[in-house]
Amino acid sequence: MPEESLTITDNRTGASYTVPLFKGAVRAMDLRKIKTGPDDFGLMTYDPAFMNTASCQSAITFIDGDKGILRYRGYPIDVLAEKCTFLEVAYLILNGELPTEPELKEWTRKVTLHTMLHENTKQFMRGFHHDAHPMSMFISTIAALSTFYPAAHDIFSRESRDLQILRLIGKVPTIAAYAYRHSRGLPYVYPDNSLSYPENFMSMLWKMTEPKYEANPALARALDVLFILHADHEQNCSTNTMRAVGSSQADPYVSVAAAAAALSGPLHGGANEEVLRMLDEIGSLDRVPEHIKKVKAGEVKLMGFGHRVYKNYDPRARIIKKAADAVFEVTGRNPKLEIALELERIALQDDYFVKRRLYPNVDFYSGIIYQALGFTPEIFTVLFAIPRTVGWLAQWQELLGDSEQKIARPRQIYTGHDLREFVPIEAREKTPAAVTA
Ligand code: ACO
């Protein structure tokens, strides 16, 4: 009997099975042999919301949620945030190693060459309603890129894959900036390839009539650090979506669009927008206890708190708090910070939050910095999607190179009717709880 194994006794039949362990886990398919008889399908695992299921092997990001550890390719997030640029970290995440100086230069040059959008993409974006949500514009435009680059379907060509990856990383800031300008009724600003990745993004967002946009270096650096912190986070909801859609061999544009759609929800990347709304609603320090009361009564959630994996502290929140100081030195202190700090202070002492191990996550402070940088809440999730595109693409690449992966297709436990006799329309009864508009 292999040492790394489990012995399972099926109390229904008395039969005993040896199930090998694989890297500390049970392979769900090894349970299929546990049957009550030849007609039995075999044992499945039931895990709605993937609470305890590893869906892949990955060498990209390591998280220890209990210890509050996050590493990309083995490097601690705080070291990368302090010493690297976002494009340097993007190279690391995608290629597995930090770039040498010439490699970084070449990588930066290549990404920069792909910042322009086809003019028709611009026309396409112009068609959105004036008050369209920037995240919805972002998602739709990324999907539309698939129509501009049909060769992207050739996902097993390394050359084509590399090209699409460069295009996506180069173009996401341009699309994000165009979506933002559209929502403000401002003319689009073309990329300026003499600027760094964050500076160029800021130029496309905020350049008005001046011949060249000059970003404040401290603010550009803060934005770059925020990009680093958001670049990957292993198998979260949007990355799982990227892998699920990618597993059907869809092209990377529609796969990234689907991942971005998953990110847009308020329980995922949409949370930072919700945090700001919540802080606005609370409005002043004296109303914090009242809000905490509502949270504890189950009326609302404390947005920006809690995480599926981190049950100690989200290490990104700690770095963001530091970055906030650098930003506020330039912009002046955002009054919402006081409310956020008070919420955190009270929550961290309160039994409700302590018992449930609820701590501030990355979204709790990111919105406050984004606002200080000059962004409005509707664009916050787009700011998350720009760097996360790198993580999605790295995970997609890893998926395509993994011989164990197949189309993602979970099983279900069927709870519906057994076989029923067909009822002619004149004999049918009114459907209870039918979908009504
Ligand atoms: N406020 C109040 N109570 C909370 C919160 C919260 N933010 N988060 C969890 N809880 C409570 C739940 O009600 C539950 O309580 P119960 O045991 O009495 O039923 C308990 O804590 C456990 O929470 P779950 O919902 O089971 O935790 P799960 O891992 O499924 O959810 C999630 C994690 C979605 C992040 C959740 O904490 C949440 O909704 N937070 C607010 C939204 C948010 O900030 N999302 C951003 C996450 S980070 C990111 O995606 C980048």
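Atom set for the values below is all heavy atoms of this structure, side chains included, hydrogens, waters and symmetry mates excluded. Starting from 1, each residue takes its place in the sequence as its number. Each ligand, and each atom within it, is numbered from 1 in the order the structure gives.
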Which residue and heavy atom of the protein sit nearest [atom], plus the separation:
atom	result
atom 50 (O) of ligand 1	His268 ND1, 2.9 Å
atom 39 (O) of ligand 1	Lys301 NZ, 2.7 Å
atom 35 (C) of ligand 1	Gly306 O, 3.6 Å
atom 11 (C) of ligand 1	Arg356 CD, 3.7 Å
atom 13 (O) of ligand 1	Tyr352 OH, 4.0 Å
atom 42 (C) of ligand 1	Met303 CE, 3.5 Å

I'd like to know if [atom] has any protein heavy atom within a distance of less than 4.0 Å.
atom	answer
atom 3 (N) of ligand 1	yes
atom 27 (O) of ligand 1	no
atom 7 (N) of ligand 1	yes
atom 47 (C) of ligand 1	yes
atom 44 (O) of ligand 1	yes
atom 19 (O) of ligand 1	no
atom 32 (C) of ligand 1	no
atom 23 (O) of ligand 1	no

Is it the case that [X] and [Y] place a side-chain donor and acceptor less than 3.5 Å from each other?
X	Y	value
Asp251	Ser146	yes
Ser160	Gln164	yes
Thr115	Asn193	yes
Tyr190	Lys207	no
His233	Thr61	no
Ser238	Trp392	yes
Asp47	Thr53	yes
Ser203	Asp192	no

Exercise for the section: Identify, by atom number and element, the atoms of ligand 1 in contact range of Gly304, meaning under 4.0 Å from any of its heavy atoms. Expected result: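 Counting from 1, the qualifying ligand atoms are 43 (C), 44 (O).
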
Handout entry: Under 4.0 Å to a heavy atom of Ala271 - the qualifying atoms of ligand 1, by number
Key =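 Ligand 1 atoms under the 4.0 Å threshold to Ala271: 43 (C), 44 (O), 45 (N), 46 (C).
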
Problem - Closest heavy-atom pair and its distance - Met135, Ala385 - result: CE-CB, 4.1 Å

Does any N or O of ligand 1 fall below 3.5 Å from an N or O anywhere on [X], backbone included?
X	answer
Arg308	yes
Phe305	yes
Asp363	no

Of the backbone atoms (N, CA, C, O) and the side-chain heavy atoms from C-beta on, which set of [X] has a member under 4.0 Å from an atom of ligand 1: side chain, backbone, both, or neither?
X	result
Leu267	both
Leu302	both
Leu358	side chain

Exercise for the section: Please confirm whether Phe384 comes under 4.0 Å of ligand 1, counting heavy atoms of the residue only. Expected result: yes

Problem - Axial cation check for Tyr188 ring with Arg181, 6.0 Å and 45° limits - result: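 No, cation not above the ring by the 6.0 Å, 45° rule.
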
Handout entry: side-chain hydrogen bond (donor to acceptor under 3.5 Å, both in side chains) partner of Glu398, chosen from Arg243, Gln405, Gln57
Key = Arg243

Exercise for the section: Pick out which of Leu226, Ile169, Val172 makes a side chain to side chain contact (heavy atoms under 4.5 Å, CB included) with Ile386. Expected result: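 Passing option: Val172.
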
Handout entry: Electrostatic pair Lys293-Glu290, nearest N-O below 4.0 angstrom
Key =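 Result for this pair is no, no salt bridge flagged.
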
Exercise for the section: Compute the centroid of each ring, for Phe305 and then for Tyr359, and state whether the two points are separated by less than 6.0 Å. Expected result: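 No: the rings miss the under 6.0 Å criterion.
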
